[in-house]
**Student:** 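This is the structure I want to talk about, given as structure tokens.
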Number of protein chains: 2
Amino acid sequence: MADPAPQPGQDPAPQRVLDAIRRDIILGALRPGARVTEAALSTAYGVSRVPVREALRALEAEGFVESRPYAGSTVAEIPLDDAEDLFAVRGIIEATIARRAARRAATHSAGQPPGRGWWEARRTLAGVLDDGDRAVAADALADLPELNNRFHLGVASLSGSASLAALLRQISGKIEWLYAADVDSRGRHSWGEHRLILGAIDAGDEAEAERLMAGHVLSSQRGYLERFTPGPTGTDAAAR
Amino acid sequence: MADPAPQPGQDPAPQRVLDAIRRDIILGALRPGARVTEAALSTAYGVSRVPVREALRALEAEGFVESRPYAGSTVAEIPLDDAEDLFAVRGIIEATIARRAARRAATHSAGQPPGRGWWEARRTLAGVLDDGDRAVAADALADLPELNNRFHLGVASLSGSASLAALLRQISGKIEWLYAADVDSRGRHSWGEHRLILGAIDAGDEAEAERLMAGHVLSSQRGYLERFTPGPTGTDAAAR
DNA sequence: ACGATATGCTTCGTATACATTCGCGGCAAG
DNA sequence: CTTGCCGCGAATGTATACGAAGCATATCGT
């Protein structure tokens with residue numbers, strides 16, 4: 001069947017609201033400390049208060065807003081002081097994910113059938129890499145952060161671990177928040193590493209995949225710290 | 001003033017439902033794959049469907065249930081295959097938290113005023129340690145997992161990093177799920193280490209706090225693996 | 001002038017009612 | 001006998017309405 005109307009057109013609405021609010025927070029449209037009221041959001045997005053409530057609850061679980069009963073919700077503070085530690089944790093998570101993905105690829109090469117969504121994830125990943133290469137060639141650096149995110153989430157899908165993928169999603173959002181308005185930063189210099197990582201995964205080389213991913217995240221961290229911390233001594237460079 | 005009504009009686013209700021459902025999942029009352037319907041939960045807990053929806057959305061963010069639009073929610077699978085990796089990631093997070101807590105304690109000792117909730121968290125932690133010692137002395141091992149959890153979350157509060165605390169909460173829930181019905185396992189042998197850790201934190205010894213916490217988590221992991229994996233070779237010991 | 005109390009508004013929490021969609025059983029055609 | 005289609009039932013998604021709790025401000029008394 002060609003699925004005459006299988007496309008729901010758009011996600012169920014709480015999802016859209018959730019993504020929209022999170023995007024507004026990450027991109028700075030909603031500043032930390034700002035009060036976010038249900039009524040305002042519901043009118044802004046043209047939905048009822050119930051979906052907004054669910055979205056706020058999810059945002060709270062993700063750490064983007066803080067709520068107190070009967071006291072309302074406010075946008076949380078950007079975790080500037082946690083930058084180094086967040087990068088360190090992300091490094092471990094991503095490296096583990098890469099290793100798991102490589103292991104799974106090796107298992108599949110041995111003849112065992114891959115999981116249900118494996119081929120789909122693998123194909124999506126290939127498309128992401130091609131899109132990224134095109135964006136780099138066209139100097140469309142504004143698209144890179146989004147593609148970068150999709151690449152790393154794609155590798156998480158490849159790893160087959162929902163737990164690790166969820167952790168990555170959470171911490172990745174925080175780090176994206178750190179980059180804030182600095183959109184065109186994670187430039188082309190690290191994009192090329194993606195192909196190497198995926199190559200190691202496809203080859204089933206666990207150690208190499210883990211090593212490459214760890215270095216990839218580390219270079220990202222280096223780029224961030226060089227740009228945002230005042231002094232190299234790194235005492236308390238908090239912009240707080 | 002002495003806060004005439006500091007005790008709100010009970011948590012706001014969505015919170016209670018959330019904790020109750022999560023507890024049912026972790027303790028096995030709700031088995032993986034089971035369908036969880038809003039109506040059933042609302043009647044079971046005597047609340048409306050809206051708070052149940054919020055709880056389900058939060059559970060989904062935490063990875064305990066999986067939902068598809070218009071298709072309902074089901075209890076997720078226990079991430080048995082992720083045990084090792086989850087412990088590894090948890091080790092990094094907890095060690096980082098311990099180091100941060102020690103750094104903060106050292107800063108405070110230098111004369112700077114602690115954050116708002118610091119003293120409260122520190123006092124709570126002391127109480128948890130005492131309660132745990134009493135439980136150990138009375139052979140009330142059933143209380144230890146809960147106290148263990150409160151200790152580690154307390155240290156997270158001491159670290160002052162909401163981001164790391166949120167990550168710990170998430171991963172800690174997963175690991176608690178792994179232990180499942182094995183309630184009286186994380187026995188007394190590792191409880192005594194808590195006091196050492198807190199001592200290093202109070203002394204402001206970052207390196208020691210980090211080292212002790214890493215070893216503490218590692219011993220917990222050892223205990224888990226020894227109990228649940230069939231063979232020492234560790235091929236594919238998945239109970240799947 | 002300062003503080004405590006009281007009042008009003010805003011916001012959250014909950015319940016009820018209606019629209020939309022998915023899954024499944026039955027039925028008919030090949 | 002298999003296969004495709006159709007209709008029904010149940011559960012989810014959404015909207016609206018109402019009661020309860022906090023917070024801010026204003027007023028009154030000392």
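A note on names: the letters A, B, ... follow the listed sequences, proteins ahead of strands, and every chain is numbered from 1. Worth knowing before you read on, the calculation uses all heavy atoms, side chains too, and leaves out hydrogens, waters and symmetry mates.
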**Student:** How would you list all residue pairs meeting side chain to side chain donor-acceptor pair (under 3.5 Å) that involve residues 153-169 of chain A, not counting sequence neighbours?
**Tutor:** S161(A)-D82(B), S163(A)-D82(B)

**Student:** Nearest-Å distance, CG (L41(A)) to P (dA15(D))?
**Tutor:** 14 Å

**Student:** Can you measure Q15(B) atom CD to dC12(C) atom C1' for me and round it to whole angstrom units?
**Tutor:** 15 Å

**Student:** Kindly write out the residues that satisfy side-chain hydrogen bond (donor to acceptor under 3.5 Å, both in side chains) with D130(A), not counting sequence neighbours, or none if the list is empty.
**Tutor:** R195(A)

**Student:** Would you list the protein and nucleotides 15-18 of chain C atom pairs, both N or O, that sit under 3.5 Å from each other?
**Tutor:**
unit_1, atom_1, unit_2, atom_2, d
dA15(C), OP2, S48(B), N, 2.4

**Student:** Using side-chain hydrogen bond (donor to acceptor under 3.5 Å, both in side chains) as the criterion, list what pairs up with R99(B), not counting sequence neighbours.
**Tutor:** D85(A), E210(B)

**Student:** Taking only nitrogen or oxygen atoms into account, show me every contact under 3.5 Å that the protein makes with nucleotides 8-11 of chain D, one pair per line with its distance.
**Tutor:**
none

**Student:** Considering the options Q170(B), K174(B), R22(B), which one meets the side chain to side chain contact (heavy atoms under 4.5 Å, CB included) requirement together with E62(B)?
**Tutor:** R22(B)

**Student:** Quick check on dT12(D): is either OP1 or OP2 less than 4.0 Å from any side-chain nitrogen or oxygen of R53(B)?
**Tutor:** no

**Student:** Nearest-Å distance, CG (L56(A)) to P (dC12(C))?
**Tutor:** 8 Å

**Student:** Is there a donor-acceptor contact under 3.5 Å from the side chain of R104(A) to the main chain of L158(A)?
**Tutor:** yes

**Student:** Indicate whether OP1 or OP2 belonging to dG23(C) is found under 4.0 Å from a side-chain N or O atom of R68(B).
**Tutor:** yes

**Student:** Do you know the tightest heavy-atom contact between I93(B) and L164(B)?
**Tutor:** CG2-O, 4.1 Å

**Student:** Measure from CD on E60(A) to P on dC12(C) and round the result to the nearest Å.
**Tutor:** 12 Å

**Student:** Testing the basics here: between I21(A) and A55(A), what is the closest heavy-atom pair and its distance to 0.1 Å?
**Tutor:** CD1-CB, 4.4 Å

**Student:** Under the side-chain hydrogen bond (donor to acceptor under 3.5 Å, both in side chains) rule, collect the residues that match up with Y70(B), sequence neighbours excluded.
**Tutor:** none

